[in-house]
Trainee: 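One structure follows; several queries about it will come next.
Proteins come first, then strands; the chains are lettered A, B, ... in the order of their sequence lines, and each starts at number 1. What you see below is based on every heavy atom in this structure, not just the backbone, and it leaves out hydrogens, waters and symmetry mates. What you see is a predicted model, and the numbers here were worked out from it, not measured in a lab.
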Amino acid sequence: MYAQLVSTDGLKKPEEMTPEERAFQERIDRGEKIEPKEWMPEGYRKTLIRQIGQHAHSEIVGQLPEGNWITRAPTLERKAILLAKVQDEAGHGLYLYCAAETLGVSRDELMELLHKGKMKYSSIFNYPTLTWADMGAVGWLVDGAAIMNQVPLQRTSFGPYSRAMIRICKEESFHQRQGYAIMMKMASGTPAQKAMAQDALNRLWYPSLMMFGPSDKDSVHSAQSMAWKIKMNTNDELRQKFVDQTVPQAEYLGLTVPDPNLKWNEEKGGYDFSEPDWSEFFDVIAGNGPCNKDRLGARVKAWDDGAWFREGLVAHAEKAAARKAPVAAE
Amino acid sequence: MSKEWPLWEVFIRGQHGLNHRHVGSLHAPDAEMAILNARDVYTRRNEGVSIWVVKSVDITASSPSEKGPLFEPSNSKVYRHPTFYDIPEEVGHM
């Protein structure tokens, strides 16, 4: 998802736990929220820092593919909407960095890890946004997939993460709906516009399915994260839910999901569908997607180019504070 | 690495007549910028009519591990609640 392939040391059985760990697990099982200053296992803290950090990075890097179209939006209204959406993504990143910071890591440290390639962001943002229809498809599919994952995470065990998710989910629905509204407009437009919408769906369908990550139903990492309630569903469950929700929406648009094996399965009450090409997923995660270098390059450049400004504001704040401070008596 | 901007806690009054409520935190070089950033980060959809910001380092918090002894004194004082008293029905609503 926005945090993909976050691993843990594996699931601990009750008899392997220390009394503190057992009491902690019991609190989670009772549905209690864990707050920053309370005792928590090191693994819980570390996994959460990685997961929330990666999630935050995804929000920030996720601004880039859409930012690409702000200056070229077809109307002033579309431009204002896209600008508001991209600004929301910045906000979502900030909520999440703050949640991560309560675990004892600073935002600048997380940024540095991202810039050095030591922390990841979601694979989806390494794909290019080639046409205006991609703005529709990103909102509809990418934000749609993100919502699938974020709605259950509102119930996650870590208080600050849960609260950030609640704020984010409130705003996320606007993102998906504005995307779908773009798709509706294009799909009911000229044949060329409809073809553009179909092309966007063709290119973004499998990368969207990849967002949920490879099957993890037998993974010990997932089992531990699920026991800690920092992961609420398996990747396969969420992917299935996403497909089941999205296919009728594509049908409404009169667009075709690019999967010849897509078929309603009455017995399971969901669609059968083709898996994405997982070798492509691992390749993108490893840094070889179409836009990895661009995306990270843009982040690093923004950070470096903004250094004088950040430092200038600190210098100004220090001077102003010094002016205000009373002079000590001689 | 250059100096990090300090962390601020943000409190927002959602509507007239309500308390300011903690909504989250953010980084800013000074209080004035913290207010402006808080507006952009936490009130993009009219969520507030007033903002407070306070440096996180200036907040003193009670310790979670002493939660028991800290709040214990009120546990035993059930007579502080109205339901402690049985008032006969004939008396009417009280």
Trainee: Is there a side-chain contact between A:R78 and A:W69, using heavy atoms and a 4.5 Å cut-off?
Mentor: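 They are not in side-chain contact.
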Trainee: Using a strict 4.0 Å threshold on nitrogen-to-oxygen distance, state whether A:R22 and A:E26 make a salt bridge.
Mentor: no
Trainee: Which bit of A:E35 comes within less than 4.5 Å of chain B, counting heavy atoms only: side chain, backbone, both or neither?
Mentor: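 Looking at A:E35, nothing touches chain B.
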Trainee: Relative to A:W303, does A:R310 satisfy both conditions: NZ or CZ under 6.0 angstrom from the six-membered ring centre, and within 45 degrees of the ring's axis?
Mentor: yes
Trainee: Is the closest basic N to carboxylate O distance between A:E42 and A:K46 below 4.0 Å?
Mentor: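 No.
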Trainee: Using a cut-off of under 4.5 Å on heavy-atom pairs, state which of A:R107, A:E38, A:R163 scores highest against chain B.
Mentor: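 Winner by heavy-atom pair count: A:R107.
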Trainee: Short question: side chain of A:Q51, backbone of A:I230 - any donor-acceptor pair under 3.5 Å?
Mentor: yes
Trainee: Going by heavy atoms in the side chains, are A:I34 and A:K229 under 4.5 Å from each other?
Mentor: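 Side chain of A:I34 against side chain of A:K229, heavy atoms only: no contact under 4.5 Å found.
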Trainee: For A:Y95 and A:E59, run side-chain hydrogen bond (donor to acceptor under 3.5 Å, both in side chains): C-alpha distance rounded to whole Å, both residues' side-chain angles, the deciding distance at 0.1 Å, then the answer.
Mentor: CA-CA 10 Å; A:Y95 305 154; A:E59 299 283 355; over 6 Å; no
Trainee: Sub-4.5 Å heavy-atom contacts with chain A: which residues of residues 80-94 of chain B show up?
Mentor: none
Trainee: At a heavy-atom distance under 4.5 Å, which candidate from A:E171, A:E318, A:H316 has the highest pair count against chain B?
Mentor: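 The residue among A:E171, A:E318, A:H316 with the greatest pair count is A:E171.
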Trainee: Tell me, for B:E47 versus chain A, whether the close heavy atoms (under 4.5 Å) come from the side chain, the backbone, both or neither.
Mentor: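 Contact with chain A is through the side chain of B:E47 alone.
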Trainee: May I ask you to name which of A:A317, A:A321, A:A84, A:A99 has the most heavy-atom pairs under 4.5 Å with chain B?
Mentor: A:A317
Trainee: Within the 4.5 Å heavy-atom criterion, are A:F174 and A:I81 side-chain neighbours or not?
Mentor: yes
Trainee: Compare all side-chain heavy atoms of A:M165 with those of A:P152 and state whether any distance is below 4.5 angstrom.
Mentor: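 They are not in contact (no side-chain heavy atoms under 4.5 Å apart), so the answer is no.
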Trainee: With a 4.5 angstrom heavy-atom cut-off, which part of A:L94 approaches chain B: side chain, backbone, both or neither?
Mentor: side chain
